[in-house]
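This report concerns only the one structure given below.
Computed from a predicted structure; not experimentally measured. Protein chains get the first letters and strands the later ones, always in sequence-line order, with residue 1 at the start of each.
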Protein chains: 2
Amino acid sequence: MRMTPQRKLIIDILKSTKSHPDALWIYQNAIKKMPRMGLGTVYRTLDQLERDGEIKRIDFKGIAHYDANVNVHPHLLCSKCGKIVDISDSYDLDIKNFDLKGFKVESINLDIIGICPECQSRKGES
Amino acid sequence: MRMTPQRKLIIDILKSTKSHPDALWIYQNAIKKMPRMGLGTVYRTLDQLERDGEIKRIDFKGIAHYDANVNVHPHLLCSKCGKIVDISDSYDLDIKNFDLKGFKVESINLDIIGICPECQSRKGES
DNA sequence: CTAGGTGCAAAGGCTTTGCTATGTG
DNA sequence: CACATAGCAAAGCCTTTGCACCTAG
């Protein structure tokens, strides 16, 4: 895979944030630097990066989010607003205790789903 | 929420399988018993059941899968074919060691993503 | 009667894909 | 010149939603 300016920009954007953005957010930030970039390019590039193991994909509420931190590390996910927050930068899960049933492991997601403080306090709003 | 025949059937179908099916699979099985049931009803019912904490939703590769086992238990997910397999029926993750940042926890997903034995052996196919 | 649930179909939203153009070696 | 990639827009696919009808209490 060739390292194009588009690809470099997308990686840079992803590494510069801890917000676990989706493709649209990445696209909107990318076009600030490269106004002609297409959304399809963003999707294609994110796919390739994920297949290469350079980034991690987090599926939540039907939307794909991406994370430049490929270490195993737990996330907090808000079931109301969809926000994703890191708990720590890494977590040592001892995978050797599991029966992996012949799977060749690529990555591990430890996701704690709940309601974030902000959504708890605006619970009663219409 | 009223316990309608549709709702009962969907719960029964989900409890009778370990395949972590998606809405379409549940629908296709449901219409064997109730041919006039609509796909919208399946989606609505699954949503309600999940909000009530009676079932668990697993987002993977852009598709929502459902699991009648609401215990914390790890899954193996195949990144090629999308298959979801249980590792065990329960797993005791000590959540107290985490900084939950004020989140009110609803559920926990421990997903190990990899390539299943079947997809490994058909690696080279076109 | 009246609230909530269902069936049906249309609409919605995220993602993928086909095609042409472009850039690099 | 060959080939991977980008830009653009259309298509695809899963999911949600509006509306009229129905059923239990």
Atom [atom1] of [X] and atom [atom2] of [N]: how far apart are they, to the nearest Å?
X       : N      : atom1 : atom2 : value
B:Phe60 : D:dC14 : CZ    : P     : 15 Å
A:Tyr27 : C:dG13 : OH    : C1'   : 16 Å
A:Ile31 : D:dC8  : CD1   : P     : 11 Å
A:Gln6  : D:dC8  : CD    : P     : 11 Å
A:Arg36 : C:dT22 : CZ    : C1'   : 12 Å
B:Leu49 : C:dG5  : CG    : C1'   : 13 Å
A:Lys61 : C:dC14 : NZ    : P     : 13 Å
A:Met37 : D:dT5  : CE    : C1'   : 12 Å

Locate the shortest heavy-atom distance separating B:His65 from B:Ile84; write the atom from each residue and the value.
CG-CD1, 3.6 Å
Looking only at heavy atoms, the pair that brings B:Ile26 and B:Pro21 closest together is CG1-CG, 3.9 Å
Show, in sequence, the C-alpha distance, side-chain angles and deciding distance for B:Tyr91 and A:Phe98, and conclude whether the ring-ring contact (aromatic ring centres under 6.0 Å, His included) test is met.
CA-CA 10 Å; B:Tyr91 173 68; A:Phe98 294 123; 5.3 Å; yes
Side-chain N or O of B:Thr4 less than 4.0 angstrom from OP1 or OP2 on C:dG4?
no
Could you write nucleotides 15-25 of chain D as a row of B, S and -, 5' to 3', where a protein heavy atom under 4.0 Å of any base atom gives B, of only sugar-phosphate atoms gives S, and otherwise -?
BBBB-------
Identify whether the distance between the nearest side-chain nitrogen and carboxylate oxygen of B:Glu54 and B:Arg7 falls below 4.0 Å.
yes
How about A:Gln6 and A:Thr45: does a side-chain donor come under 3.5 Å of a side-chain acceptor?
no
Could you go step by step and tell me if A:Ile13 and A:Trp25 meet the side chain to side chain contact (heavy atoms under 4.5 Å, CB included) rule?
CA-CA 10 Å; A:Ile13 288 173; A:Trp25 188 96; 3.8 Å; yes
